[in-house]
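Within every chain, numbering begins at 1; the chains are lettered A, B, ... in the order of the sequence lines, protein sequences first and strands thereafter.
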Amino acid sequence: MMNKDITIIYMGTPEFAVPPLLELCDRGYQVKLVVTQPDKARDRGKKIQFPPVKQAALQHGIEVLQPDRIKNNEEFMQRIREIRPDLIVVAAYGKLLPTELLEIPPLGCINIHASLLPKYRGAAPIHRSIINGEETTGITLMYMAEGLDTGDMIAWRSTAVDRKTMTELHDELSEMGAELLAETLPAIITGTADRIKQDDSKANYAPMIFKKDGLIDFHKTPEEIDQLVRGLNSWPAAYTMYRGEPMKVWEAEALSEETNESPGTVVEVSDKGIKVAAGGRLLRLTKIQMPGKKAMQVSEYLKGNKIEQGEVLG
RNA sequence: CGCGGGGUGGAGCAGCUGGUAGCUCGUUGGGCUCAUAACCCAAAGGUCCAAGGUUCAAAUCCUUGCCCCGCAA
């Protein structure tokens, strides 16, 4: 069977879901329909913005559907059935799919998830993996089931977290997901793909990230804060309060030096960064951003601003 | 029409109750020093986002536009 004989419906919303969609198009699969979340008025100026996946779909001339809800949406279900998809591929769509939908395609519904399942099921696997200090993470391809990321696994691939930021890891995993999908699809189509049950006893969840999750707690260790900084890079960013205003911290490094200063106290300020007491040791903030300003290295910030030793953050 | 901050020499900022632009850093040259990312001296470098307007005179006031950013969603 040729790729062009396979009809696929693709469901996804954010940037993460774009590479896999493009990969499917490149490989010649018939992506007949893209389902994505409704447009939303967001950002400055409250402008209506298309989800990234919608933009990509439109550029490829693919029909796009943006139902407010899928459950009990007969019109939507009808359209899906009309297309008679062989397969539905889902990547960060944003909502749980009803069983009724999962049962439509004969080859099944497969999902690309950004973690090594059964760990980090849920909305923010990449963020949480970094925040929790995981050494490795990865991509898992699975057959979708009723629960939240509980389906049988087909294939996975791992990568080291190292000191990558959320943005870097996100981009890497996104591409990795596209590759893994492309490589695994032939087996899925011929029905020879693996089907491995998840060990639920080892499962944990990666709940959605909220803005307030970015507030730095200087009682934590420098390492934990560094993980928070990297894990929330791009959005919403780790931050602390300085002179009554939020200071975003874009880069920081944990130092081994110990201190008796209370958490959040600025111990030393130099071009190399701002040393802050955290959990009995020191954390050096090296790249920060104040409201209305661009993110900048501390050395640059100090050329026009003063931060005094002894001031307290948080 | 969601709220708000800002666009000034390479960088970060001040000046903005109007009168030809200043600070810190950087750059270049020189000096000091065993030496230095330290210190001293000197120099270069700015259509003050753009276009109008008010005025004897605008970076400073008014209008419009463009761009950057924070909040809220």
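Remark: rU17(B) base-pairs with no nucleotide in the shown strands. Criterion, Watson-Crick or G-U wobble with two distances under 3.5 Å. Across all strands shown, rG4(B) forms a Watson-Crick or G-U wobble pair, both distances under 3.5 Å, with rC69(B). Summarising the base pairing, rG9(B) is matched to no nucleotide, lacking a Watson-Crick or G-U wobble pair whose two defining distances lie under 3.5 Å. Using the Watson-Crick or G-U wobble rule with both distances under 3.5 Å, rA42(B) pairs with rU28(B).
Remark: the Q289(A) side chain and the Y239(A) side chain contain no N/O donor-acceptor pair separated by less than 3.5 Å. Between the side chains of D39(A) and Q66(A), at least one donor N or O sits under 3.5 Å from an acceptor N or O. One side chain, T221(A) or E224(A), offers a donor N or O that lies under 3.5 Å from an acceptor on the other. Between Q37(A) and K95(A), the side chains place a donor N or O and an acceptor N or O closer than 3.5 Å (distance only, hydrogens not considered). Under the 3.5 Å distance criterion, with hydrogens and angles disregarded, no donor-acceptor pair is assigned to the side chains of T286(A) and E253(A).
rC3(B) and rC39(B) have their P atoms separated by 48 Å, given to the nearest Å. Atom C1' of rU36(B) sits at a distance of 41 Å from the matching atom of rG70(B), rounded to the whole Å. Comparing rG4(B) with rC62(B), their P atoms are spaced 15 Å from each other, to the whole Å. Spacing between rG18(B) and rU27(B) at atom C1', rounded to whole Å, works out to 34 Å. Using atom P as the reference point in both rG15(B) and rC41(B), the two lie 27 Å apart (nearest Å). Across the P atoms, rC67(B) and rA72(B) are found 24 Å apart, a figure rounded to whole Å. If you take atom P in rC69(B) and the same atom in rG31(B), they sit 46 Å apart, rounded to whole Å. With both ends at atom C1', the span from rA11(B) to rA50(B) equals 23 Å, rounded to whole Å.
Residues E257(A) and K275(A) are paired through a salt bridge, judged by an N-O separation under 4.0 Å between the basic side chain and the carboxylate. Under the 4.0 Å criterion applied to side-chain N and carboxylate O atoms, K32(A) and E63(A) are not assigned as salt-bridge partners. Residues R81(A) and E74(A) are paired through a salt bridge, judged by an N-O separation under 4.0 Å between the basic side chain and the carboxylate. The pair R79(A)-E75(A) fails the salt-bridge criterion, with no side-chain N (NZ, NE, NH1 or NH2) lying under 4.0 Å from an Asp/Glu carboxylate O. Classification of K71(A) and E100(A) as a salt-bridged pair fails, no side-chain N sitting under 4.0 Å from a carboxylate O.
Evaluation of atom-type donor-acceptor distances gives no pair under 3.5 Å for the side chain of R44(A) against the base of rG2(B).
Residue-level contact check: K40(A) touches neither bases nor backbone, having no heavy atom under 4.0 Å from any strand. Using a 4.0 Å heavy-atom cutoff across all strands shown, K47(A) reaches no nucleic acid atom at all.
The separation between D43(A) atom CG and rC68(B) atom P is 12 Å, rounded to whole Å. Rounding to whole angstrom units, NZ of residue K212(A) and P of rC71(B) are separated by 16 Å. A straight line from CE of M247(A) to P of rG12(B) spans 17 Å, rounded to a whole angstrom. The NZ-C1' distance, from K46(A) to rC1(B), rounds to 9 Å in whole Å. The CZ atom of F210(A) sits 14 Å away from the C1' atom of rA73(B) (whole-angstrom rounding).
Within residues 284-296 of chain A, the residues that place at least one heavy atom under 4.0 Å from RNA chain B are, in residue-number order, Q289(A), P291(A), G292(A), K293(A), K294(A), M296(A).
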Readout for nucleotides 23-28 of chain B: B = base within 4.0 Å of protein heavy atom, S = sugar-phosphate only, - = neither; 5' to 3' it is -BS---

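Between G45(A) and Y301(A), it is G45(A) whose nearest contact on RNA chain B lies nearer the 5' terminus.
Residue M247(A) comes nearest to I307(A) through the heavy atom pair CE-CD1, 4.2 Å, listed as atom of the first residue, atom of the second, then distance.
Distance from the side chain of E300(A) is smallest to rA11(B) among rG4(B), rA11(B), rA73(B).
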